[in-house]
There are 2 protein chains.
Amino acid sequence: MSVRRDRRERMQHQREELRRLRQRMRQRGHELRRMGSRGQPEESRAAILHAAAIEFSEQGIAGARTDAIARQARVNKALLYYYFHDKEALYGAVLDDAFGRMRAAIFHALDSDLPAREKILAYVGTYFDFIASNQIYPKLMQREMMRARAGDSQHIERLVKNYFEPIYRRVSELLHQGIKEGTFRKVDPAHFVPSMIAMIVFYFSGAPVMRRVFGFDPLTQERIRERRAAVLDFISAALFRPCAGAGSGVHP
Amino acid sequence: MSVRRDRRERMQHQREELRRLRQRMRQRGHELRRMGSRGQPEESRAAILHAAAIEFSEQGIAGARTDAIARQARVNKALLYYYFHDKEALYGAVLDDAFGRMRAAIFHALDSDLPAREKILAYVGTYFDFIASNQIYPKLMQREMMRARAGDSQHIERLVKNYFEPIYRRVSELLHQGIKEGTFRKVDPAHFVPSMIAMIVFYFSGAPVMRRVFGFDPLTQERIRERRAAVLDFISAALFRPCAGAGSGVHP
DNA sequence: ATGATCTAACTAACTGGTTAATTAATCATG
DNA sequence: CATGATTAATTAACCAGTTAGTTAGATCAT
């Protein structure tokens, strides 16, 4: 009995708080479309997506709890199902959002008008920076890559078609171009591209373990800058024709 | 009713089959320790461990189903709890088994009496071969690395102490030695070692996606041999002093 | 008979998903 | 311009299926 009343009181209290919140927002001039009781459809959707991205990246689809996502998004669980049909679809939306941003960043670098040598460094650098400032992505990516088995993931096909394949094609072409020009060593894109991605992605997804192995945090600004240089150096050394140019243009 | 009888009949049939199996084994002279109803404690344990390794590597701890593990091991689910206290402990046992074998293989290479240049190639080659012939390990490893957050995984500390740290220390020393000798470029082990591991591990854990991107299976014997060469080439090019020796000793 | 090995059947808790109701902005109409 | 219908947004409470883990034995070499 008293529990029930407590709950109801809390509920009512929450309602009032929301009303005040809404008024403040209106005063601040937030654009208001059609409104529900809370009146923030876009904000709610975004909050769910953001909370879901974190939860999925940390726990995986199976480990992620829809309750936890809802709580983090400060939204009722049923709202997840209102906006995104089910858990799997929500996961799909998170992936599309993530890889969409990634593709945009990478294509920006690949569209630049640079010689092969500089362009591949721009690609690696951009990719690195993107991952570094969005550290849930490498986990999301590796989790999904590992799930791509038999009939497991319904998303892979789409992700490959929309994101991975187009990016791979462009980078592959770039490598061939550099090889033909004589700037690059004769490498096989089907091996070199995964190697580059591996070096960028693995460092961040493996950071928690590395912290314990090394005895220091590999994710400080300083260390990340260091890593960036190391990756570019590694790739330069492995890709560029040896004994040709002098400096490798590593330092951004 | 009929369902119940069917089940009982099947059960009885299974029992008889087991008895016959056991007799055959005794005739073949299998060493028999103390026996229970099935009389194969080691075999059962091993079967559970093996099934669990596969299930965990494919689904992760959260996604893994104990029922599925028991079914795969052809053993009753309760037996998992008889031998391994709970799901988490079973997972821990799988990890220890896996990383224990890995450490043994790698240490064998590192203990060899070779010059730095050849030894680092032996290390990479051995590691690669181990992963290539035990493709559940990279997934197990990456899954566990990603789990190493806050208070999440109870295993990381042990794994780092028993496996990762010792291996890292040895390889790190090897690199320093090569650098001092002048055989290697001046690389930072804290970046170079993860890069090597990344290239080896990522290829296998990412294979299902790459199959779709490339349009061919990256896990055929042929492709794996190719990959091996590519990794050794990549690392050689990035690590060895340029313009010094002639061949890189890549082909095993 | 005794203890190691093994199992069918069960349970308690969890979790994805549903439902019926509520709120408030907007729209239609007299 | 008031007001009742409509609709988007949102929630509390609930449900049904799943799953980790338990129990009360059964089997059998010694």
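Order of the sequence lines sets the chain letters (A, B, ...), proteins ahead of strands, with each chain counted from 1. Because only heavy atoms are used, hydrogens play no part in the values below, and waters and symmetry mates are left out as well, while side chains stay in.
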If I take atom [atom1] in residue [X] and atom [atom2] in nucleotide [N], what distance separates them, rounded to the nearest angstrom?
X	N	atom1	atom2	value
A/R74	D/dA12	CZ	P	13 Å
B/Q59	D/dT19	CD	C1'	14 Å
B/D67	D/dG17	CG	P	17 Å
A/L79	C/dA21	CG	P	19 Å
A/L80	D/dT10	CG	P	12 Å
A/F84	D/dT10	CZ	P	12 Å
B/L90	D/dT19	CG	C1'	15 Å
B/I48	C/dT5	CD1	C1'	11 Å

With each end axis built from five pairs of C1' atoms, what bend angle do you get for the helix from C/dA1-D/dT30 to C/dG30-D/dC1? Round to 10°. 10°
salt_bridge(B/E157, A/R212) N-O dist < 4.0 Å: yes
Residue [X], side-chain heavy atoms: nucleotide from [options] that is nearest:
X	options	value
A/Y83	D/dT10, D/dA20, C/dG16	D/dT10
A/N76	D/dT11, D/dT10, C/dC6	D/dT11
A/K77	D/dT22, C/dG17, D/dA12	C/dG17

[X] side chain near [N] phosphate (N/O to OP1/OP2, under 4.0 Å):
X	N	answer
A/R65	C/dC14	no
B/Y81	D/dG21	yes
A/S44	D/dA9	no
A/T66	C/dG16	yes

At what distance, to the nearest 0.5 angstrom, does CD of B/E144 lie from CE of B/M141? 11.0 Å
So A/F214 and A/R223, do their side chains get closer than 4.5 Å, heavy atoms only? no
Close side-chain approach of B/Y81 to B/L90, heavy-atom, < 4.5 Å: no
Tell me which of A/G63 and A/A78 sits closer to the 5' end of DNA chain C, going by the nucleotide each one is nearest to. A/G63
For A/D86 and for B/R45, locate the closest nucleotide of DNA chain C by heavy-atom distance; then report the residue assigned to the nucleotide nearer the 5' terminus. B/R45
Any donor-acceptor pair under 3.5 Å joining the side chain of B/K87 to the base of D/dG21? no
Under 3.5 Å, side chain of B/K87 to main-chain N/O of B/L80, donor-acceptor pair present? no
Determine yes or no for a side-chain-to-main-chain donor-acceptor pair under 3.5 angstrom, with A/Q142 supplying the side chain and A/S205 the backbone. no
For the residue pair B/T66 and B/R71, confirm or rule out a side-chain donor-acceptor distance under 3.5 Å. no
With no hydrogens and no angle check, just 3.5 Å: does a side-chain donor-acceptor pair link A/Y82 and A/N76? no
Counting the atoms with a prime plus P, OP1 and OP2 as sugar-phosphate, which does B/A68 contact under 4.0 Å by heavy atoms, base, sugar-phosphate, or nothing? nothing
Is B/A64 touching bases, backbone alone, or none of the nucleic acid, heavy atoms closer than 4.0 Å? sugar-phosphate
